[in-house]
Amino acid sequence: MKAVIVTYIVKRGYEKEFEKILRKHWKVLRSENLTTDQLPFLLRDPENPSIYKEIFEWKSRSSFAKAHESRKVQKIWQSLMKVTQDGGMEAANFQRI
């Protein structure tokens with residue numbers, strides 16, 4: 001199991017759309033059996049409201065690779081790229097202890 005913290009820099013005016021896409025993202029990851037039952041966490045920077053942090057857990061080490069093979073997940077990731085700034089998505093992986 002690997003915890004992921006993803007930083008998103010959302011284009012101004014796209015915040016509501018981003019949040020809607022991200023809620024769908026979580027549903028798709030669960031339906032594809034890629035994440036744990038731990039509810040995902042979404043944070044928004046109060047000083048810079050275009051910056052979000054998403055925290056969730058992959059179900060297994062191979063889940064990330066499986067996500068890259070899923071057309072549903074890829075479609076969501078493409079939608080996220082459209083509402084974030086260029087280079088505005090950065091993931092960091094952690095081991096839960």
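Keep in mind it's a predicted model, so treat the numbers as computed, not measured. Position 1 is the first residue of the sequence, and the numbers go up from there. We use all heavy atoms of the structure for the numbers below, so side chains are in, but hydrogens, waters and symmetry mates are not.
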Original post:
Does a side-chain heavy-atom distance below 4.5 Å link Val4 with Glu57?
Top reply: no
Taken to the nearest 0.5 Å, the spacing of Phe41 CZ from Ile5 CD1 works out to 11.0 Å
Indicate, with yes or no, if Phe94 and Ile55 share a hydrophobic cluster defined by side-chain heavy-atom contacts under 4.5 Å among Ile, Leu, Val, Met, Phe, Trp and Tyr. yes
Those residues at least two apart in sequence (or on a different chain) that pass side chain to side chain contact (heavy atoms under 4.5 Å, CB included) with Arg23 are Glu19, Lys20, Trp26
Practice task
Indicate whether any N or O donor in one side chain lies under 3.5 Å from an N or O acceptor in the other, for Thr36 and Lys59.
Solution key: no
| query | Under a 4.5 Å side-chain heavy-atom rule over Ile, Leu, Val, Met, Phe, Trp and Tyr, are Met89 and Leu29 clustered together? | reply | yes
* Asked: Between Trp58 and Leu39, is there a shared hydrophobic cluster once you connect ILVMFWY residues whose side-chain heavy atoms come closer than 4.5 Å?
  -> no
Interatomic distance, OG1@Thr84 vs CD1@Ile51, rounded to 0.5 Å, equals 12.5 Å
**Request:** Answer with yes or no after comparing the ring centroid distance for Tyr8 and Phe18 against a 6.0 Å cut-off, counting only values under it.
**Result:** yes
Return all side-chain donor-acceptor pairs below 3.5 angstrom for residues 65-72, not counting sequence neighbours, or 'none' if the list is empty.
residue	atom	partner	partner atom	Å
Ser70	OG	Glu32	OE1	3.2
Ser70	OG	Lys72	N	3.4
Ser70	OG	Val73	N	3.2

Rounded to the nearest 0.5 angstrom, the OG-NZ distance for Ser50 and Lys11 is 12.5 Å
With clusters defined by side-chain heavy atoms of hydrophobic residues (ILVMFWY) lying less than 4.5 Å apart, directly or transitively, does Phe64 cluster with Leu34?
yes
Applying salt bridge (Lys or Arg N to Asp or Glu O under 4.0 Å) to Asp86 and not counting sequence neighbours gives none
Taking every heavy atom of Val10 against every heavy atom of Gln85, the minimum-distance pair comes out as O-NE2, 4.2 Å
Q.
Looking at Thr35, is its backbone amide N or carbonyl O close enough to the side chain of Arg30 to form a donor-acceptor pair, meaning the two atoms are under 3.5 Å apart?
A. yes
So CZ of Arg44 and CD of Glu15: to nearest 0.5 Å the spacing works out to 5.0 Å
Rounded to the nearest 0.5 angstrom, the NE2-CZ distance for His25 and Phe56 is 5.5 Å
Using the rule that two of Ile, Leu, Val, Met, Phe, Trp, Tyr join whenever any of their side-chain heavy atoms come within less than 4.5 Å, decide whether Val28 and Leu80 are in one cluster.
yes
Output for pair (Leu22 CG, Glu17 CD), nearest 0.5 Å, gives 12.0 Å
